[in-house]
Peer 1: 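To start, I am sharing the structure in question, which I have written as structure tokens.
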There are 2 protein chains.
Amino acid sequence: MLTIGQLASYAGVTVRTVRHYHAKGLLPEPERDRSGYRRYGAAAVVDLVRIRTLADAGVPLSRVRELLAADDEEFGAAVEDIDRRLLAEIRERQAHRERIAQLAAGDSLALPPEVVAYVDRMRELGFGERLVEIERDSWILIAAQMPEQVGPWMAMKQAQLEDESLRRLYLDVGDLVDCGPDDPRLPALADRVAAFIEAATAAAEGAEEEHPVNDDLVALLDAAFVESFPGAVRMLELLEQRGWTGWTNIRRRTPAAGASAPPAGC
Amino acid sequence: MLTIGQLASYAGVTVRTVRHYHAKGLLPEPERDRSGYRRYGAAAVVDLVRIRTLADAGVPLSRVRELLAADDEEFGAAVEDIDRRLLAEIRERQAHRERIAQLAAGDSLALPPEVVAYVDRMRELGFGERLVEIERDSWILIAAQMPEQVGPWMAMKQAQLEDESLRRLYLDVGDLVDCGPDDPRLPALADRVAAFIEAATAAAEGAEEEHPVNDDLVALLDAAFVESFPGAVRMLELLEQRGWTGWTNIRRRTPAAGASAPPAGC
DNA sequence: CTTGACCTTGACGTCGGGTCAGGGTTGCAG
DNA sequence: CTGCAACCCTGACCCGACGTCAAGGTCAAG
């Protein structure tokens with residue numbers, strides 16, 4: 001007669017595993033000797049090896065019992081089922097590998113390549129690191145919410161970056177990072193932003209909404225803007241005085257205005 | 001300001017997940033409003049998306065924190081590490097798929113093809129189903145303990161099965177399944193077994209031990225023999241009287257005997 | 001007799017959350 | 001004003017397949 005340790009060693013498992021199978025009802029509890037030790041016969045080794053054979057093939061223990069008792073047809077169906085699960089798990093891991101390889105290649109995390117190129121270009125053009133990070137975070141939010149919109153929207157932003165006068169405006173807006181709510185530069189900056197939006201709106205006259213942006217996302221991006229720039233609230237007030245409301249998706253303050261401007265910045 | 005539900009929805013996760021990340025220290029606990037609700041800013045959405053990006057790439061949560069804070073070099077090393085783990089898990093699943101496909105094809109479980117052929121041949125030759133199952137279980141034990149020995153040993157057994165007189169002996173030994181300890185057929189059967197072993201031992205004179213079988217395995221197989229056949233104990237006694245001891249690896253009873261016989265049966 | 005290796009039961013930890021239970025809060029409609 | 005639904009809170013248990021103590025009893029050898 002075998003002790004639990006001998007049984008386990010014959011089957012190449014741990015003692016704990018054998019007891020686990022007892023608790024799960026996979027392996028019947030054997031007789032005990034007078035001191036309470038479990039005593040097994042050779043048949044238990046066969047049972048245990050059979051269980052391990054299935055378990056080693058990736059069969060969940062909860063299904064092992066049915067498989068041990070199954071006829072050929074049931075067995076085949078169960079095997080097919082388990083194979084599907086294994087295949088799904090493999091594919092999941094493969095997708096994980098691809099994603100993590102992309103992460104290792106990109107700037108920070110989870111950004112599509114266009115965005116990486118964009119923030120790199122910002123650095124080249126002398127935008128401050130803090131500003132670049134804020135911009136990047138905004139694009140993380142956008143990519144999480146509307147990944148399919150990132151491409152076209154990004155193309156527009158990249159073009160704007162290459163426009164010299166617009167770039168100077170952006171660089172100055174970037175100084176909002178440093179300036180408090182009462183900074184004397186703010187009113188003039190608001191004037192320039194308003195003038196640009198005015199022109200952009202006129203140019204887009206009659207055109208359809210280019211980027212149908214979710215209102216929730218716009219609100220979130222505006223909130224991010226306010227959180228990141230100490231002067232942002234003041235800037236929004238100044239724009240409000242000049243007839244504009246919002247930031248990410250800036251619009252005329254009058255409710256009658258139907259046309260909307262393209263997003264101004266993030 | 002966002003509630004936990006809004007935050008979760010922006011990041012595409014459940015509320016429970018956000019709280020889980022708080023508990024794990026991955027995401028800082030935000031301020032509470034006067035009724036105890038958590039209130040988040042837009043930055044929390046960015047943090048959460050970053051965490052999910054890593055988690056979705058298969059990074060264990062326990063490593064997410066270090067990766068979020070890692071520089072490029074550390075990040076690359078960690079990614080490599082995680083990729084290795086993913087690859088190992090994929091290979092594990094692939095091995096599982098192969099094994100389970102083999103199981104679906106074979107007789108019962110986990111037997112190498114030679115053994116499947118052997119037990120099929122036994123059925124063809126008229127061995128009783130009970131006996132065949134006992135034989136198969138014995139081979140499960142052998143294959144679990146010494147898989148590399150199964151091939152050569154099996155070849156010998158298959159040859160024995162095709163020897164007419166030997167086959168008759170086997171068939172009669174198989175009747176042990178039915179006969180009790182006092183069955184009148186037993187002494188004559190013991191004589192025949194002893195005669196065969198005598199001849200086999202003489203033929204193998206001077207030859208080296210063909211199959212170096214683990215003593216523990218022999219004991220286990222003998223135990224399985226005794227458990228399966230009610231007349232087995234008596235048979236062993238009768239063989240003992242005739243100068244032989246054991247069954248699986250039967251040997252002369254005298255301790256001086258150096259030569260050993262090939263395994264007689266299972 | 002001691003020592004160390006074995007056995008017993010019981011309970012907690014792993015990983016990433018899902019799913020109650022039991023109660024308080026908010027916001028909107030009637 | 002009052003429902004009511006939808007949200008929020010904490011705390012707790014659940015899954016799988018065991019690993020890992022803890023605290024104590026048993027066995028074989030020196």
Side-chain angles (χ1 to χ4, degrees), chain A residues 1-27 29-40 44 48 50-68 81-82 85-86 88-89 92-93 96 216, chain B residues 1-27 29-40 44 48 50-68 81-82 85-86 88-89 92-93 96 216:
Chain A
M1 297 297 273
L2 309 172
T3 67
I4 195 172
Q6 292 168 323
L7 168 67
S9 129
Y10 274 128
V13 302
T14 68
V15 170
R16 179 70 179 89
T17 298
V18 176
R19 287 202 268 252
H20 186 60
Y21 293 169
H22 286 320
K24 287 256 159 181
L26 287 179
L27 195 63
E29 281 276 2
E31 304 286 303
R32 307 296 183 107
D33 65 14
R34 71 191 181 293
S35 60
Y37 288 17
R38 294 177 179 84
R39 290 294 173 173
Y40 299 88
L48 184 50
R50 268 206 262 258
I51 293 170
R52 282 313 303 176
T53 302
L54 289 171
D56 287 343
V59 177
L61 294 191
S62 54
R63 305 203 58 179
V64 164
R65 201 168 2 180
E66 70 182 83
L67 257 75
L68 285 175
D81 194 46
I82 288 156
R85 183 178 59 76
L86 289 171
E89 290 179 4
E92 190 185 345
R93 262 78 178 175
H96 284 169
D216 286 346
Chain B
M1 298 298 273
L2 309 172
T3 67
I4 195 172
Q6 292 168 324
L7 168 66
S9 132
Y10 275 127
V13 302
T14 68
V15 169
R16 176 70 178 90
T17 298
V18 175
R19 287 202 269 250
H20 187 61
Y21 293 169
H22 285 321
K24 287 255 159 180
L26 289 180
L27 194 63
E29 281 275 3
E31 303 287 303
R32 307 296 182 107
D33 66 14
R34 72 189 181 294
S35 59
Y37 288 15
R38 294 178 180 85
R39 290 295 173 172
Y40 300 88
L48 185 50
R50 268 206 262 257
I51 294 170
R52 282 312 305 176
T53 301
L54 289 171
D56 287 343
V59 177
L61 293 191
S62 54
R63 304 203 59 180
V64 165
R65 201 170 4 185
E66 71 182 82
L67 256 75
L68 285 175
D81 193 44
I82 288 156
R85 183 179 57 77
L86 288 172
E89 289 178 6
E92 189 184 344
R93 263 80 177 173
H96 284 170
D216 285 346

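On a predicted model such as this, the values are computed, not experimentally measured, just so you know. Every chain is numbered from 1 and lettered A, B, ... according to where its sequence line falls, protein lines coming before strand lines.
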Peer 1: Without decimals, in angstroms, what is the distance between I51(B) CD1 and dC15(C) P?
Peer 2: 17 Å
Peer 1: Looking only at side-chain N and O atoms, does S35(B) come under 4.0 Å of OP1 or OP2 in dC9(D)?
Peer 2: no
Peer 1: When the distance from CD1 of I4(B) to P of dG24(C) is rounded to whole Å, what number comes out?
Peer 2: 20 Å
Peer 1: Quick one: is dG18(C) close enough that its OP1 or OP2 comes under 4.0 Å of any side-chain N or O from R19(B)?
Peer 2: no
Peer 1: So, taking the atom named CG in L54(A) and the one named NE2 in H96(B), what distance separates them when rounded to the nearest 0.5 Å?
Peer 2: 11.5 Å
Peer 1: Just call it for R32(A): base, sugar-phosphate, or nothing, with non-hydrogen atoms closer than 4.0 Å on any strand.
Peer 2: sugar-phosphate
Peer 1: Rounded to whole Å, please give me the gap between CG in L86(B) and P in dC15(C).
Peer 2: 16 Å
Peer 1: So does R34(A) get a side-chain nitrogen or oxygen closer than 4.0 Å to the phosphate oxygens (OP1/OP2) of dC27(D)?
Peer 2: yes
Peer 1: So what does R85(A) touch, heavy atoms closer than 4.0 Å: a base, only the sugar-phosphate, or nothing?
Peer 2: nothing
Peer 1: With nearest nucleotides of DNA chain D determined for Y21(A) and R39(A) from heavy-atom distances, which residue corresponds to the more 5′ nucleotide?
Peer 2: Y21(A)
Peer 1: Between L27(B) (CG) and dG17(C) (C1'), how many Å, whole number?
Peer 2: 15 Å
Peer 1: Taking side chain as C-beta onward, heavy atoms only, is K24(A) less than 4.5 Å from S62(A)?
Peer 2: no
Peer 1: For the side chain of R38(B), starting at C-beta, report the closest nucleotide among dC7(C), dC18(D), dC9(D).
Peer 2: dC9(D)
Peer 1: Can we say R93(B) and E89(A) salt-bridge, meaning some charged N sits less than 4.0 Å from an Asp/Glu carboxylate O?
Peer 2: yes
Peer 1: Hey, is the side chain of S62(B) poking within less than 4.0 Å of OP1 or OP2 on dG16(C), counting only N and O atoms?
Peer 2: no
Peer 1: Kindly say if T14(B) contacts the phosphate of dG17(C), meaning a side-chain N or O under 4.0 Å from OP1 or OP2.
Peer 2: no
Peer 1: Relative to the 5' end of DNA chain D, which residue comes earlier, H20(A) or T3(B), by the nucleotide with the nearest heavy atom?
Peer 2: T3(B)
Peer 1: Checking side chain to side chain contact (heavy atoms under 4.5 Å, CB included) for the pair V64(B)/Y21(B): CA distance, chi angles, key distance, verdict?
Peer 2: CA-CA 10 Å; V64(B) 165; Y21(B) 293 169; over 6 Å; no
Peer 1: Answer yes when D33(A) and R38(A) have at least one side-chain N-carboxylate O distance shorter than 4.0 Å, and no when they do not.
Peer 2: no
Peer 1: Under 3.5 Å, is there an N or O donor on one side and an acceptor on the other linking the side chain of R16(B) and the base of dT19(C)?
Peer 2: yes
Peer 1: Looking at dG25(D), does its base get a donor-acceptor pair with the side chain of Y37(A) below 3.5 Å?
Peer 2: yes
